[in-house]
Visitor: 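Dropping a structure here in structure tokens format, bear with me for questions.
Order of listing sets the numbers, starting from 1, for every ligand and every atom in it. By convention here, the first residue in the shown sequence is residue 1.
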Amino acid sequence: MGDKKVIVFDTTLRDGEQTPGVSFNKDDKYRIAKQLVALGVDVIEAGFPAASNGDFEAVKNISDNIEGVTVAGLSRCVKDDINKTYNAIKGAKRSRIHLFIATSDIHLKYKLKISRDEALKMASECVKYAKGKFDEIQFSAEDASRTDWDFLVKIFSEVIDSGATIINIPDTVGYAVPKEFGSLVNYVKNNVPNIDNVIISAHCHNDLGMAVVNSLAALENGATQVEVTVCGIGERAGNASLEEVIMAINTRKDYFDLYHSINTKEIYKTCKLVSELSGIAIQPNKAIVGANAFRHEAGIHQHGVINNKATYEIMKPEDIGILTDHIAMGKLSGRNAFELKLEEMGYHLSHEEINEAFHKFKDYADNKKIINDEDIKSIVDDVILNYRNLKEGEFWA
Ligand code: KIV
Ligand code: ZN
């Protein structure tokens, strides 16, 4: 086990729900939240209570009925949002408000149409207003990765003075690259004077496919919380994927000196549930949980995996909760894999029968990409009938 604990803040029910076309109802959110607790996340961001009555009810339902986790609600820096968030999450055993305001010049000028000083004032006033109403106050500087670093230091320092206990650094538009993002986290850690005893968090988007690596870079540079979603769903190209961040930490524990409270055996089940309820299919080549993540197509690879899985597998499927591993039978499969498959299917064939069946299988596979068990059965039964001179019908008698 590593030395430093990573706090896993899951935002599947909030940023994940911002995936175009996705909307979770109250029951969906409850089912996912229960599964997230089984998975072992530390914080569930259950939604944005001021966004709609439906979301308010869904967040309240989770806060009132789900234990064993901190429940967070997103809120803009306005009193009405803070009041709604309070009413939605006050029943939680441990509550956290997640306040945010944009800090980059481009957002201040074109979106909020306010100055840096006005943003500073709003941020510190809203934190002061939230103080005492929640167990924890998290403050996010939206678009932090495109914000002037010294302004970021200033706003973080003010919100901490006002009562924030977690500061979050979002790469809102997925613009940062790992070394730079790591340096930003490091800069915040070393230049915000009152940062001790405050949790530093990272929230990365995947527009350039770097959400996971940027999150890991943040952890290497002083962040102790990562904001993630199951299967990486979220606004536009999505967020950092929970399962990828966690399995990177586990698989490379020689490199990352970190630990977490995730029960990885629940990962696959969680991904399937989120996929089912969001309607977003898991792409076959998705890292960790895609259908092909543990399938070996090339004969050489199959041979290696049969002899020793570590030749081509860096993780065990059972550690993620995937009960079977897969040898994909196709034209590239070798004789070793074919023999193993026959054994698994309960066949005991002579050397000649295997040869014959293997040749037939190869011819067949030239015309069909994936060969399933039924295909193999019909090839092998045919060979057995031929070799053993049995008439159809007698074979299984
Ligand atoms: O991407 C973002 O900046 C956000 C904030 C609300 C944290 O989702
Ligand atoms: Zn986001």
Side-chain angles (χ1 to χ4, degrees), residues 7-20 22 24 43-52 55 59 70-78 81-82 84-85 88-89 96-108 110-112 119 122-123 126-127 130 134 136-148 151-152 155-156 159 164-176 181 184-185 188 198-212 214-215 218 223 225-242 245 278:
I7 300 163
V8 178
F9 176 113
D10 184 277
T11 181
T12 306
L13 299 180
R14 197 278 295 170
D15 216 325
E17 200 187 18
Q18 287 173 224
T19 307
V22 171
F24 296 126
V43 186
I44 292 177
E45 185 165 46
F48 187 175
S52 71
D55 214 32
V59 175
T70 299
V71 182
L74 186 70
S75 170
R76 287 169 297 190
C77 278
V78 291
D81 274 25
I82 298 172
K84 285 195 173 117
T85 306
I89 68 172
R96 179 185 296 191
I97 187 164
H98 179 188
L99 289 161
F100 75 100
I101 194 165
T103 51
S104 64
D105 287 336
I106 188 164
H107 276 232
L108 291 176
Y110 295 104
K111 190 181 77 173
L112 299 179
M122 280 174 77
C126 76
V127 171
F134 306 88
E136 298 167 6
I137 299 179
Q138 170 168 325
F139 174 81
S140 279
E142 191 191 6
D143 207 17
S145 56
R146 293 193 302 168
T147 297
D148 174 75
F151 180 57
L152 207 52
I155 199 160
F156 282 149
V159 295
T165 47
I166 301 113
I167 53 137
N168 184 39
I169 308 176
D171 180 24
T172 301
V173 288
Y175 178 74
F181 195 63
L184 172 59
V185 173
V188 167
V198 169
I199 293 167
I200 303 178
S201 167
H203 174 108
C204 298
H205 277 273
N206 208 29
D207 300 66
L208 293 173
M210 289 191 277
V212 169
N214 283 336
S215 303
Q225 172 177 289
V226 273
E227 302 201 356
V228 289
T229 60
V230 174
C231 289
I233 64 169
E235 186 80 45
R236 304 182 311 281
N239 292 61
S241 125
L242 179 151
V245 170
S278 64

Visitor: Between CZ of R146 and OG of S104, what distance do you get to the nearest 0.5 Å?
Guide: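 Spacing of CZ (R146) from OG (S104) equals 5.5 Å.
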Visitor: Look up atom CZ in R96 and atom CD1 in I44, then write down how far apart they are to the nearest 0.5 Å.
Guide: 12.0 Å
Visitor: Of all heavy-atom pairs between S140 and N168, which one has the smallest distance, and what is that distance?
Guide: OG-ND2, 2.8 Å
Visitor: Rounded to the nearest 0.5 Å, what separation is found between the CG atom of L74 and the CZ atom of F100?
Guide: 5.0 Å
Visitor: Take the Zn ion (ligand 2) and tell me which protein N, O or S atoms are nearer than 2.8 Å.
Guide: D15 OD2, H203 NE2, H205 NE2
Visitor: Do any N or O atoms from the side chain of N239 and from the backbone of T11 form a donor-acceptor pair under 3.5 angstrom?
Guide: no
Visitor: How close do D55 and P49 get, counting heavy atoms only, and between which atoms?
Guide: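 The pair with the smallest heavy-atom distance is OD2-N, 4.4 Å.
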Visitor: Is there a donor-acceptor contact under 3.5 Å linking the side chains of Q138 and E45?
Guide: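 No, no side-chain donor-acceptor pair sits under 3.5 Å.
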Visitor: Looking at Y175, I want to see if its OH is surrounded by more than 12 non-hydrogen atoms of other residues, nucleotides or ligands under 6.0 Å.
Guide: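 No - once you tally the heavy atoms of other residues, nucleotides and ligands closer than 6.0 Å, there are 12 at most.
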Visitor: For ligand 1, what is the set of protein residues having any non-hydrogen atom at a distance below 4.0 Å?
Guide: R14, D15, L74, H98, F100, S140, E142, N168, P170, T172, H203, H205
Visitor: Could you check whether any side-chain N or O of N206 sits under 3.5 Å from a backbone N or O of A211, counting only pairs where one atom can act as donor and the other as acceptor?
Guide: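 Present.
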